[in-house]
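Keep in mind that the numbers below use all heavy atoms, side chains included, and drop hydrogens, waters and symmetry copies. So that the names make sense, note that chain A is the first sequence line, chain B the second, and so on, each numbered from 1.
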Amino acid sequence: MEPYNPQELEPKWQRRWEEDALYKSSIDATQPKFYALTMLPYPSGDLHIGHWYAMTPSDARARFKRMQGYNVLFPMGFDAFGLPAENAAIQRAIHPKTWTLRNVEHEREQLRSMGAMFDWEREAVSCLSGYYRWTEWLFLKFYEMGLAYRKKSPVDYCPNCKTTLAREQVIGEERICERCGTPVVKKDLAQWFWRITKYADELLDFSTIDWPEKIKVLQTNWVGRSEGAEVVFKVAPENLPADAKPGEGDLVVFTTRPDTLWGATFMVLAPEHPLVNRITTASQKETVETYQREATRQTEIERLSTEKEKTGVFTGAYAINPVNGARIPVWVADYVLMTYGTGAIMAVPAHDERDFAFAKKFSLPIPVVICPPDWHGEELAEAYHGDGLVVNSGPFDGVMAPHPAVEKVIAWLEEQGLGKGAVNYRLRDWLISRQRYWGAPIPVVYCDQCGIVPVPYEELPVLLPDDVDFMPTGESPLKYHQGFLNTTCPKCGGPATRETDTMDTFVCSSWYQYAYLSPYYKEGEVAHADSSPWDPAELKYWAPVDTYTGGAEHATMHLIYTRFFTKALRDAGLLDFDEPMLQYRCQGIILGEPRDGDCVDVTGHWEGSAFLADHVQVISFKDRESWPAPVRGETRVCGEVLDRDDVSLKVRTSDGAEGEITVVQVGERTTITEPGREGAGSMADILYHLEVEKMSKSKKNVVAPDELVAKYGADTVRAYLMFGWRWELGGPWDSKGIEGVVRWLNRVWALVMEEPYRRETPVPEAERELLRAVHTAIKAVTEDLEGFSFNTVIARLMEYTNALGKAKEAFWGTPRWDEAVSGLLLLLAPIAPHLAEELWSRMGKPYSVHQQAWPTWDAAMLVEDMIEIPVQINGKVRGHVTVAADADEETIKAAALAEANVKATLAGKKIVKIIVPRGRLVSIVVANQDGE
RNA sequence: GGGGGAGUGUCGGAAUUGGCAGACGAGCAUGACUUAGAAUCAUGUGCCGCGAGGCGUGCGGGUUCAAGUCCCGCCUUCCCCACCA
């Protein structure tokens, strides 16, 4: 038999499919459309196994949909603007464009080797002017709509990336940069923002989309809507400066619990609150100013202190509680944030834990909660949980809190003119300015006469100049490019300067799903305000995306931005739906495989507790069988490397769980050799012991898909990535597990290619069984592909392959066999497209397997004639009986009671009842003779 | 502190949504074919026990004829948010 040779047949079919434009997608009104999309890669130079893990199941599903009769669009492109290109330019004197396009070229080839059904005619690369002129166009549109504005404010700045970041791109408590992990600092800068907050409420509505619960929760928390009231407290008149304007003393606070207003005993302002300096009394001035300075510095330094002891100072001023006229002190404290609510709070120490802690520390009044004497246990318990009846609150005593007390108090505040119902969000407007070169220019000009002037639509694109000098500091070269910088004002014709900031790359990827529909639309033609960035006919047919797949790490970045974009584009009249992706599913992450370290055999001598090495001999972890036994001797140390840095090795110098560890110092004069390796080795080449960790180049635990494809073929890699893990969870790579898939695909090959040595005569029962296996497989594979359960898809296909292996001797050469094997190949086509195509053609079937209809199952074929059902006695299985599948309950009961082991177990027991649920199981309940 | 995942053999993971726990693989063991190995094929493989049998889905309760699955109370772990008023 000719062996299965994926290295030969995969490129062959890839060429054929391309020649025949098999995956070209075009509008066809007679067919239902299906827009399948998977997140596009950033062209960093090499696709890693994670890209394959994300993309191949998505491809399999797109292929499945196509066979089901949908007109499928499955495009691919590159998110090609971004910092790494610019850093490469600085480090290696290569232009970002050259670097990027070279990487695109390479990754495109890698993607082709996957054998995916990407429609390359629709490829879009975001750094090309044909693409980014529409990104600029959209900026102008948003500006026109009032969705883009420029504002000076304290913003997050990454000192390493040398640029500002959006709130979403600052991660965690350490407030580190999403890209490089450097802690960000605050800077006061004039920046461009997009008014995503306008859509805050709409972003909370997921009712029309099928997205994972996890992502919906993440986005909901990110938007952080809270309902409550704004209440106006007035600063005591004597604390206001003489030049105070009317209304200046109004201190607006936001609270979610207006029903606790009567319990407010003091107020707290954020240190940055504008009123602080106006109301602080002369005697408190110095204290307050010192505190403000410290608070500013605190936000700039890392705020890592886990012990968050409350700090604050008294302003000397008082305010009047509007609901009861109480005169309460106004404090300044950094636990109140200027960026949330109004930067001022009323403090209710009886109700709020933080207020309580603050009041206690500074001896501020804490009112005692008084329970009415007639409260019972239940009411007290509720009060303990924050629920209860309102007390000491004027007109609201006796009302149930928090509801309906909150609503009643809000209505009352509005009636009295003291406040109003209000909603607050955690979501901030999206800061899109980046102080870097490699991004889409912000199409705006600054004129001394006219101020901010948008570049006219007709003048787009504002091109990134190629002839720029990159600074080692990373500072944008656009600032020094006179040709780019100096321009004339489109309004008055006078001299003006261009905006040198570029847009966040997340802007480019916020609309790429529409860019694919007609890439670089109308390139070379002049655009106008009423143009469209895409072909309206394509949009009408394909959009929105039906199924989107990609990493969950984008939950509060790309995935929220693109929803915002779609809503804004809808309001601009550019499209007529509300959500970009109707269904979204996310995959997990493939982590590095745990491994032993290399073994080192070191000669040297001891100096104190450290062993100084003269010579290090490395024995690779791959040759574990030939490792010498661990040693810790006077002049020799030997064992597995557990860890490594530039100058030392941690070596495990004893067997067993305890693991004695010896530190080996490696100096200038130490020589390192490895058998089979030319020349002197270096510390960086020594592999150290790894637990499960993320893949990274420095740990040398990266799995390269190209190598796997070269060794096993793309179909095997595809199938293994679908089989090895629950797709949505991911997990550590297992280099042995792939062998199971190799064996399977070889069995599939042999199934079609190898005549059986032995023949059997088919019996009718075997034929029914074969048919049942076909239809069972069709049903399971169809349902599991639909439900993104890729690992069980493969398991079911393996089972089916095994069943065919058993049937082969009896059915080889018969129409039944042909039918059964064809079924397997059709089900296999989305998973292993090359192998399926090859075997399909070798069976003499018409090209192409990918243009065949997906098989359907017949429910009648799934029914078995005889079934084996378990018999339980008091919940334990005591035997099995085989009965006709359609046997009635009485027949089944009789069969069960006649079964030998059941009979034996029942001896001397009294049957209480017998249950036969759905005819699939017999459950007998017995009691002992003595009635127990 | 708040929110959301996850916890099943040695490992990856299955379990018509309450119905025989461990599908499908990996690994391991034994056997066949080989001078030998690799490959392949066959068989076995949750744990304890020679056996009958008992015990088993993070832990403790509960509901039920029947619980990995439902309810109550915990533990561990990962992720997100966090002086958010």
message: Does the protein touch nucleotides 38-57 of chain B at the base, only the backbone, or not at all? Give it as B, S and - per nucleotide, heavy atoms under 4.0 Å.
response: --SS------------SS--
query: Of all residues at least two apart in sequence or in a different chain, which pass the side chain to side chain donor-acceptor pair (under 3.5 Å) check with A:Ser226?
result: A:Tyr340
- prompt: For A:Glu168, which residues count as a side chain to side chain donor-acceptor pair (under 3.5 Å) partner, sequence neighbours excluded?
  reply: A:Trp222, A:Tyr561
Interatomic distance at [atom1], [N] relative to [M], whole Å:
N: B:C47; M: B:U8; atom1: C1'; result: 14 Å
N: B:U16; M: B:C28; atom1: P; result: 31 Å
N: B:C70; M: B:G18; atom1: C1'; result: 8 Å
N: B:G49; M: B:G5; atom1: P; result: 41 Å
N: B:A67; M: B:A15; atom1: C1'; result: 13 Å
N: B:G61; M: B:A29; atom1: C1'; result: 41 Å
N: B:U64; M: B:G27; atom1: C1'; result: 39 Å
N: B:U17; M: B:A39; atom1: C1'; result: 43 Å

Sidechain N-carboxylate O distance under 4.0 Å for A:Lys186, A:Asp156: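 Yes.
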Rounded interatomic separation in angstrom, taking [atom1] from [X] and [atom2] from [N]:
X: A:Arg225; N: B:G2; atom1: CZ; atom2: P; result: 23 Å
X: A:Ile794; N: B:A14; atom1: CD1; atom2: C1'; result: 14 Å
X: A:Phe723; N: B:A26; atom1: CZ; atom2: P; result: 8 Å
X: A:Asp259; N: B:A85; atom1: CG; atom2: C1'; result: 13 Å
X: A:Tyr720; N: B:C24; atom1: OH; atom2: C1'; result: 13 Å
X: A:Glu899; N: B:C20; atom1: CD; atom2: C1'; result: 13 Å
X: A:Glu691; N: B:U77; atom1: CD; atom2: P; result: 16 Å
X: A:Asp352; N: B:A85; atom1: CG; atom2: P; result: 9 Å

I want to verify a distance call: between [options], whose nearest atom is closest to the [X] side chain?
X: A:Asp734; options: B:A85, B:A26, B:C24; result: B:A26
X: A:Lys736; options: B:G25, B:A26, B:C20; result: B:A26
X: A:Val336; options: B:A85, B:C24, B:G13; result: B:A85
X: A:Glu868; options: B:C20, B:C24, B:C83; result: B:C20
X: A:Thr792; options: B:G19, B:A14, B:C83; result: B:A14
X: A:Ser226; options: B:G4, B:A85, B:A14; result: B:A85

How would you label the contact of [X] with the nucleic acid (heavy atoms, under 4.0 Å): base, sugar-phosphate, or nothing?
X: A:Gly805; answer: nothing
X: A:Asn802; answer: sugar-phosphate
X: A:Asn791; answer: sugar-phosphate

task: Scan for salt bridge (Lys or Arg N to Asp or Glu O under 4.0 Å) pairs involving residues 791-810 of chain A, sequence neighbours excluded, and state none if there are none.
output: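 For residues 791-810 of chain A, and leaving out neighbouring residues, the salt bridge (Lys or Arg N to Asp or Glu O under 4.0 Å) pairs sorted by first residue read A:Arg758-A:Glu809, A:Arg796-A:Glu799.
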Positive for side chain to side chain contact (heavy atoms under 4.5 Å, CB included) with A:Pro594, one of A:Asp734, A:Asn701, A:Val692: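 By the side chain to side chain contact (heavy atoms under 4.5 Å, CB included) criterion, A:Pro594 pairs with just one of A:Asp734, A:Asn701, A:Val692: A:Val692.
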task: Start with the C-alpha gap between A:Tyr291 and A:Val332, add the side-chain angles, then the distance that decides, and say whether side chain to side chain contact (heavy atoms under 4.5 Å, CB included) holds.
output: CA-CA 8 Å; A:Tyr291 185 78; A:Val332 176; 4.0 Å; yes
Aromatic A:Trp211 / basic A:Arg585 pairing, under 6.0 angstrom, 45° off normal: no
Short heteroatom pairs, N/O only, protein and nucleotides 79-81 of chain B, under 3.5 Å:
from  : atom 1 : to       : atom 2 : distance (Å)
B:C81 : O3'    : A:Arg426 : NH1    : 2.9

task: May I ask you to verify if any side-chain N or O of A:Arg354 is less than 4.0 angstrom from the OP1 or OP2 atom of B:C84?
output: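 Checking B:C84 against A:Arg354, a side-chain N or O does come within under 4.0 Å of OP1 or OP2.
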message: Is the phosphate of B:A14 approached by A:Arg726 (side-chain N or O, under 4.0 Å from OP1 or OP2)?
response: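 For B:A14, OP1 or OP2 has a side-chain N or O of A:Arg726 closer than 4.0 Å.
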- prompt: A:Ile176 and A:Val184: side chain to side chain contact (heavy atoms under 4.5 Å, CB included), yes or no, with the steps?
  reply: CA-CA 6 Å; A:Ile176 58 172; A:Val184 302; over 6 Å; no
- prompt: Between A:Lys903 and A:Leu897, is there a donor-acceptor pair closer than 3.5 Å when you use the side chain of the first and the backbone of the second?
  reply: no
Could you list all N or O pairs between the protein and nucleotides 61-65 of chain B that sit under 3.5 Å apart?
from  : atom 1 : to       : atom 2 : distance (Å)
B:C65 : OP1    : A:Lys913 : NZ     : 3.4
B:C65 : O2     : A:Ser923 : OG     : 2.6

- request: Please tell me which of A:Val217 and A:Phe254 maps to the more 5' nucleotide of RNA chain B, matching each residue to the nucleotide holding its nearest heavy atom.
  value: A:Val217
A:Thr256 vs A:Ile869, nearer the 5' end of RNA chain B by closest nucleotide: A:Ile869
Under 3.5 Å, which donor-acceptor pairs do the side chains of residues 736-744 of chain A form with other protein atoms, sequence neighbours left out?
from     : atom 1 : to       : atom 2 : distance (Å)
A:Glu739 : OE2    : A:Tyr712 : OH     : 3.3
A:Trp744 : NE1    : A:Thr801 : OG1    : 2.9

- prompt: Does A:Ser789 have any side-chain contact (heavy atoms from CB on, under 4.5 Å) partners at least two apart in sequence or in another chain, and if so, which?
  reply: A:Asp784, A:Asn791, A:Thr792
query: Excluding sequence neighbours, so at least two apart, what forms salt bridge (Lys or Arg N to Asp or Glu O under 4.0 Å) with A:Glu353?
result: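 A:Glu353: no salt bridge (Lys or Arg N to Asp or Glu O under 4.0 Å) contacts found.
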Residue list, salt bridge (Lys or Arg N to Asp or Glu O under 4.0 Å) with A:Asp259, at least two apart or on another chain: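 Residues passing salt bridge (Lys or Arg N to Asp or Glu O under 4.0 Å) with A:Asp259: A:Arg257.
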Run the side-chain donor-acceptor check on residues 722-733 of chain A: report pairs under 3.5 Å with partners two or more places apart or on a different chain.
from     : atom 1 : to       : atom 2 : distance (Å)
A:Trp725 : NE1    : A:Pro732 : O      : 3.0
A:Trp727 : NE1    : A:Tyr53  : O      : 3.0

Neighbour count above 12 (heavy atom, 6.0 Å) for A:Lys214 NZ: no
query: So, do A:Val916 and A:Leu921 sit near enough that their side-chain heavy atoms are less than 4.5 Å apart?
result: no
task: Drop me the distance from A:Gln587's CD to A:Thr56's OG1, to the nearest 0.5 angstrom.
output: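 Going from the CD atom of A:Gln587 to the OG1 atom of A:Thr56 covers 10.0 Å.
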field: Which nucleotides of RNA chain B pair, in dot-bracket form (Watson-Crick or G-U under 3.5 Å, | meaning another strand)
entry: (((((((..(((......[....)))((((((.......))))))(((....)))..(((((..]....))))))))))))....
- prompt: So, is B:G9 syn or anti if syn means the angle is within 90° of 0?
  reply: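 The base of B:G9 is oriented syn (glycosidic angle within 90° of 0).
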